[in-house]
Peer 1: 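Have a look at this one before I ask anything.
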Protein chains: 2
Amino acid sequence: MRLPAPARREQILDVSVQVFAHRGFHSTSMNDVAEAAGVTKPVLYQHFDSKQDLYMALLEEAGTRLRNAVRKAVTDATSGKEQTERGFKAYFRWVADDHDAFLLLFGSRANRDEESTIAIRRITAEAANAIAPLIAADIEGEHQEMLAHGLVGLAEGVSRHLVERGERFDPEVLGQQIADLAWAGLRAVHRNG
Amino acid sequence: MRLPAPARREQILDVSVQVFAHRGFHSTSMNDVAEAAGVTKPVLYQHFDSKQDLYMALLEEAGTRLRNAVRKAVTDATSGKEQTERGFKAYFRWVADDHDAFLLLFGSRANRDEESTIAIRRITAEAANAIAPLIAADIEGEHQEMLAHGLVGLAEGVSRHLVERGERFDPEVLGQQIADLAWAGLRAVHRNG
DNA sequence: CCGAGTTGTTACTCTCTGGTAACCCTTATG
DNA sequence: CATAAGGGTTACCAGAGAGTAACAACTCGG
């Protein structure tokens with residue numbers, strides 16, 4: 001079945017995010033991707049310079065979708081607590097909806113070389129930076145950042161556990177719970193620190 | 001420099017944990033490992049059946065050290081809160097001491113194929129199972145497990161952030177803080193859930 | 001209905017690297 | 001000083017997979 005170039009490009013992105021998400025970067029050959037897309041290898045190279053290039057495009061897209069989802073949710077919240085709740089809910093909604101993208105970025109099969117490591121680290125760092133200001137302002141910056149990365153890890157750990165076991169979950173309920181945990185936890189650190 | 005077989009085996013393990021930790025599985029060739037150990041490839045195959053076999057041995061060792069460290073610390077604690085504190089402190093002490101092992105298991109360069117994914121998942125699951133009982137008993141089992149994985153992720157996120165940026169930290173102080181966060185957080189989930 | 005541009009395929013090349021066969025040192029021991 | 005025995009090396013094989021050159025086939029405007 002023939003497709004116009006832009007459509008084919010989109011289809012390749014759609015298909016390859018699935019393949020890479022489940023088998024990882026190194027275990028997936030360009031032939032695998034091509035086969036999954038119903039074409040042959042050279043077609044891939046008409047749209048992407050290299051395997052790395054294709055992979056980076058996927059990471060970029062996934063990261064953007066995550067960022068937008070959370071940013072949009074957090075925007076019109078008034079209190080810090082509300083931001084936290086909305087943020088986590090939006091995050092888990094993204095995980096539920098964009099399953100393969102989650103696995104691509106944070107799944108344990110996400111084999112990473114130099115370049116992709118940096119890309120993923122950047123995405124994680126962005127998430128952490130978005131969270132950092134929520135943490136009590138009288139904690140010093142470096143510390144804030146560290147705790148923020150902890151909370152990102154918290155959400156990541158929960159999601160990975162659920163997604164990799166294929167368990168269903170309600171993003172609203174889950175988000176509320178984890179937000180509660182995070183919020184109360186942060187206040188405790190604040191008090192005791 | 002010639003070495004007796006057991007010593008050579010140990011040396012290979014020592015050296016390769018460093019190499020794999022920093023460059024990841026797929027980006028590290030057996031020649032790289034051999035070179036780092038100051039020998040040639042066939043020597044490696046006198047001690048390990050395959051690259052995978054060597055890698056699994058490293059994961060196994062690292063996992064055992066982590067498990068022992070935490071288990072030992074938690075053993076003679078009376079209250080759940082004390083267990084939490086000791087557990088996290090021991091964990092961060094392990095991270096600080098066994099740097100490369102941490103990166104091997106949880107670093108973002110930890111490229112994983114089928115087999116190693118399973119091994120690492122098992123280690124993480126063990127950690128989570130150790131934590132699960134600490135979580136208020138009136139939360140149902142599946143939920144407990146999920147929160148436990150979240151806390152593992154929390155510690156992982158904090159460690160990764162610190163280790164990959166090469167920042168120094170005091171395991172006692174850090175462990176106390178994260179334990180505070182976890183403990184207070186769990187109680188909040190308990191109340192609100 | 002024709003031909004130019006675009007989509008796709010076949011059939012390679014080339015490199016990298018895991019793994020091995022065959023051989024060479026060094027050391028200890030009677 | 002002969003001789004195992006074990007530690008180590010050189011030089012190779014074979015497979016996998018990224019990337020490409022050359023060619024085929026569809027389709028759409030004129």
Side-chain angles (χ1 to χ4, degrees), chain A residues 1-59 104 109-117 119, chain B residues 1-59 104 109-117 119:
Chain A
M1 197 214 293
R2 279 173 98 116
L3 284 181
R8 178 64 77 194
R9 190 190 151 93
E10 279 314 303
Q11 186 231 4
I12 290 172
L13 286 170
D14 283 358
V15 164
S16 52
V17 80
Q18 295 172 31
V19 182
F20 279 124
H22 292 279
R23 291 216 281 277
F25 182 77
H26 288 285
S27 312
T28 303
S29 74
M30 286 302 259
N31 264 325
D32 292 340
V33 175
E35 195 180 353
V39 293
T40 54
K41 227 183 346 170
V43 172
L44 304 181
Y45 288 93
Q46 285 169 8
H47 300 277
F48 302 94
D49 287 349
S50 64
K51 185 183 182 182
Q52 187 68 22
D53 184 44
L54 167 58
Y55 197 65
M56 295 302 287
L58 293 175
L59 293 184
L104 195 76
R109 301 296 300 280
N111 305 345
R112 299 154 195 184
D113 53 38
E114 190 70 45
E115 202 181 354
S116 6
T117 298
Chain B
M1 197 216 294
R2 279 173 96 118
L3 284 182
R8 179 63 77 195
R9 190 191 152 92
E10 279 312 303
Q11 186 230 5
I12 290 171
L13 286 170
D14 283 358
V15 164
S16 51
V17 81
Q18 294 172 33
V19 182
F20 279 124
H22 291 281
R23 292 216 280 276
F25 181 76
H26 288 285
S27 313
T28 304
S29 74
M30 286 303 258
N31 264 327
D32 292 340
V33 175
E35 194 180 355
V39 293
T40 54
K41 229 185 342 170
V43 173
L44 304 182
Y45 287 93
Q46 285 167 9
H47 299 278
F48 303 93
D49 287 349
S50 64
K51 185 181 183 183
Q52 187 68 22
D53 183 45
L54 167 58
Y55 196 66
M56 294 302 287
L58 294 175
L59 293 184
L104 195 75
R109 301 297 299 282
N111 305 344
R112 299 157 197 182
D113 52 40
E114 189 70 45
E115 201 181 354
S116 8
T117 298

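Order of the sequence lines sets the chain letters (A, B, ...), proteins ahead of strands, with each chain counted from 1.
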Peer 1: Just by distance, do the side chain of B/Ser16 and the backbone of B/Ile12 share a donor-acceptor pair under 3.5 Å?
Peer 2: yes

Peer 1: Quick one: A/Asp113 CG to C/dC16 C1', roughly how many Å, whole number?
Peer 2: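 Answer to the nearest Å: 16 Å.
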
Peer 1: Ignoring hydrogens, what is the shortest heavy-atom contact between A/Ala34 and A/Lys41? Give both atom names and the distance.
Peer 2: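 For A/Ala34 versus A/Lys41, the nearest heavy atoms are CB-N, 3.7 Å.
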
Peer 1: Could you tell me the separation between the CD atom of A/Gln11 and the P atom of C/dT7, rounded to a whole number of Å?
Peer 2: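 Those two atoms, CD and P, are 14 Å apart.
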
Peer 1: Give the B/S/- string for nucleotides 4-20 of chain D, one per nucleotide from 5' to 3', where a protein heavy atom under 4.0 Å of the base yields B, of only the sugar-phosphate yields S, and otherwise -.
Peer 2: --BBBBB-------BBB

Peer 1: For the pair A/Glu114 and B/Arg109, find out whether any cationic side-chain nitrogen is under 4.0 Å from an anionic carboxylate oxygen.
Peer 2: yes

Peer 1: Any side-chain to backbone donor/acceptor pair from A/Asp14 onto A/Gln11? Under 3.5 Å, distance only.
Peer 2: no

Peer 1: Aromatic rings B/Tyr55 and B/Phe20: how do their planes relate, parallel, tilted or perpendicular, breaks at 30° and 60°?
Peer 2: perpendicular

